[in-house]
Amino acid sequence: MDYIPFLSGGVSFNPRTDIPPSALHGKTILVTGGNAGLGKQSILEFVRQPATSLPSRIWLCSRSLERAQSAINDISAAVQSSGVNPDFDASSIIKPLEIDLASFASIKSAARTVLAESDRLDILMLNAGIMATATGVTAEGYEIQFGTNHLGHALLAKLLLPLLLKTARSAKGNDLPQPADGTPTAPPDVRVLVLSSEGHRFPPLSGIAFPTLKSTQAAILTFQRYGQSKLANILFGKQLAARYPDELTVVALHPGAVNTQLFHPFRDSGWIGWAATGVLKHFLTTVEDGAKNQVWAATAPREQVQSEGKGKCGYFIPVGKRVGESGWAKDEALARRLWEWTEGELEGQEVEG
């Protein structure tokens, strides 16, 4: 099932025309990294739909409330200018949520807000990430890329899991309002989307360097540290799917090589990064195309994204093409070890009050 990047096809998917009316109607969605890039574009596609098909709430996560609000204003303008809904006011659906995935305190504060203000959560899109950054650590001392890309998202998912399970187990499935066009409400369909990368194929030699995760890992190349974090994303998704096979549909995704802010740290790292980025930009896809894979995974019929059955987390490249992940990503013992290590590191991290 392996593939050659850039030579593999996928499904034809246009978010403007191919999202089923019931896929989003009345649902609650949370998107990390929602103020820019793929997260912002995904949210735009979720609300650039007919009024009868819109979600009831979207939490747009950002490290800055100011940037979150700016993104909401941009989305409003984009929907209005598209002609789909000229009077659309994004603030009626999209709510800003401040969160720094490199800080447990910030993550717990954000989760507390969601749990207090939302009675359901249908789609959790773990989209935010950093790549090829300089050495550093999170507020709790973990390697910055691993701590942000994996551990921060793992804590957020842990804190929101009761709400996800409540939604999946509710008496009528989704308990959603009847669509105005008479379309039946959808059966239970709670999804967790984990943004990984083809970079997961290039971790350290051990896959995940557990002994030094609570350090800068300066002896490991920055791209290997990134690969380690993206490998962890897939392994985490697989374990989450296996533990909640009847409640959650979990999908791991590679968005493609997309021209987003993710490349900025590499570009600013020195003349080599600057020169390489200058060449790479000619081969990068647009944000509009880059977001299609995760929007597809959020809205396509469940049997398409859960093609291997309940309790399985597939890995998809654009758009909607199931491919073979790396050997490390197929290692069930490594996946269990990561889950247990993560649970140990997050022990006692709860939403107070």
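Hydrogens, waters and symmetry mates play no part in the numbers below; they use all other heavy atoms, side chains included. Nothing fancy with the numbering, it's 1 onward along the sequence.
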How about Leu231 and Leu235: do any of their side-chain heavy atoms sit closer than 4.5 Å? yes
Tell me whether Thr167 contacts the main-chain N or O of Leu121 through its side chain, where contact means a donor paired with an acceptor under 3.5 Å. yes
Treating Lys292 as the side-chain partner and Glu288 as the backbone partner, does any N or O pair qualify as donor plus acceptor under 3.5 Å? no
Answer with yes or no after comparing the ring centroid distance for His254 and Phe316 against a 6.0 Å cut-off, counting only values under it. no
Find out if a path of hydrophobic residues (ILVMFWY) with successive side-chain heavy-atom gaps under 4.5 Å connects Leu193 to Val319. yes
Is there a side-chain contact between Asn85 and Gln80 (heavy atoms, below 4.5 Å)? no
Could you go through Thr342 and Leu151, starting from their C-alpha distance and side-chain angles, then the distance that decides it, and tell me whether this counts as side-chain contact (heavy atoms from CB on, under 4.5 Å)? CA-CA 7 Å; Thr342 302; Leu151 200 56; 3.8 Å; yes
Looking at OG1 of Thr32 and CZ of Arg63, how far apart are the two atoms once the value is rounded to the nearest 0.5 Å? 11.5 Å
Heavy-atom check, side chain of Thr249 versus side chain of Tyr244, under 4.5 Å: no
Is there a chain of hydrophobic side chains (I, L, V, M, F, W, Y, each step under 4.5 Å between heavy atoms) that links Leu54 to Val84? no
Candidate pair Leu60 and Ile75, rule side-chain contact (heavy atoms from CB on, under 4.5 Å), full reasoning: CA-CA 11 Å; Leu60 186 155; Ile75 291 169; 4.1 Å; yes
Before accepting this row, confirm whether a basic side-chain N of the pair Lys310/Asp246 lies closer than 4.0 Å to the acidic partner's carboxylate O. yes
Is the shortest side-chain heavy-atom distance between Gln294 and Leu195 below 4.5 Å? yes
Taking the six-membered ring of Trp59, is the NZ or CZ of Arg57 close enough (under 6.0 Å from the centre) and on axis enough (within 45°)? yes
Inter-residue atom distance Thr148.OG1 - Met131.CE, 0.5 Å rounding: 14.0 Å
Validation row: Val79, Leu44 side chains within 4.5 angstrom (heavy atoms): yes
To the nearest 0.5 Å, tell me how far Glu247 CD sits from Leu240 CG. 10.0 Å
Going only through I, L, V, M, F, W and Y residues with side-chain contacts under 4.5 Å, is there a path from Tyr315 to Phe202? no
For Asn149 and Tyr226, indicate whether the former's side chain and the latter's backbone hold a donor-acceptor pair under 3.5 Å. no
Would you confirm whether Ser106, through its side chain, and Ala102, through its main-chain N or O, come within 3.5 Å as a donor-acceptor pair? no
Geometric cation-pi criterion, Lys214 with Tyr142: 6.0 Å, 45°: yes
To the closest 0.5 Å, what do you measure between CD (Gln217) and OG1 (Thr212)? 3.5 Å
Report the C-alpha distance between Asp122 and Ile29 in whole Å, list the side-chain angles of each, state the deciding distance to 0.1 Å, and finish with yes or no for side-chain contact (heavy atoms from CB on, under 4.5 Å). CA-CA 6 Å; Asp122 302 271; Ile29 304 168; 5.6 Å; no
With a 3.5 Å distance limit and no angle check, can you tell me whether Glu45 reaches the backbone of Val295 through a side-chain donor-acceptor pair? no
Listed by chain and number, what are the salt bridge (Lys or Arg N to Asp or Glu O under 4.0 Å) partners of Lys158, not counting sequence neighbours? Glu350
Do the side chains of Cys61 and Leu30 get nearer than 4.5 Å, heavy atoms only? yes
How many angstroms lie between atom OG of Ser196 and atom NE2 of His150, to the nearest 0.5 angstrom? 12.0 Å
Close side-chain approach of Ile234 and Trp328, heavy atoms under 4.5 Å: no
Between Val137 and Leu101, is there shared hydrophobic-cluster membership here, with clusters defined by ILVMFWY side-chain heavy atoms closer than 4.5 Å? no
Ignoring hydrogens and angles, state whether a donor on the side chain of Gln228 or Gln224 is under 3.5 Å from an acceptor on the partner side chain. no
I'd like to know if the side chain of Ser118 and the backbone of Leu115 have a donor-acceptor N/O pair within less than 3.5 Å. no
Sort and list the pairs that fulfil salt bridge (charged side-chain N to carboxylate O under 4.0 Å, His left out) and have at least one residue in residues 215-244, not counting sequence neighbours. Glu143-Arg225, Lys238-Glu325
Does Ser326 reach the main-chain N or O of Arg201 with its side chain, forming a donor-acceptor pair under 3.5 Å? no
Which residue, Trp341, Phe210, Phe236, forms the ring-ring contact (aromatic ring centres under 6.0 Å, His included) with Phe146? Trp341
Salt-bridge contact Arg322-Glu308 (side-chain N to carboxylate O under 4.0 Å): yes
From CA spacing to verdict: side-chain contact (heavy atoms from CB on, under 4.5 Å), Ile19, Gln49: CA-CA 8 Å; Ile19 295 178; Gln49 302 294 322; 3.4 Å; yes
Under 4.0 Å between a Lys/Arg side-chain N and an Asp/Glu carboxylate O for Arg337 and Glu340? no
Looking at Phe104, is its backbone amide N or carbonyl O close enough to the side chain of Gln349 to form a donor-acceptor pair, meaning the two atoms are under 3.5 Å apart? no
Just so I know, are the side chains of Leu160 and Val114 near enough to count as touching, which here means a heavy-atom distance under 4.5 Å? yes
Do any side-chain atoms of residues 92-99 form donor-acceptor pairs under 3.5 angstrom with protein atoms, and if so which ones, sequence neighbours left out?
{"unit_1": "Ser92", "atom_1": "OG", "unit_2": "Asp89", "atom_2": "O", "d": "2.6"}
{"unit_1": "Lys95", "atom_1": "NZ", "unit_2": "Ser91", "atom_2": "O", "d": "3.0"}

Apply side chain to side chain donor-acceptor pair (under 3.5 Å) to the pair Thr52 and His25, showing each step before the final yes or no. CA-CA 7 Å; Thr52 56; His25 173 73; over 6 Å; no
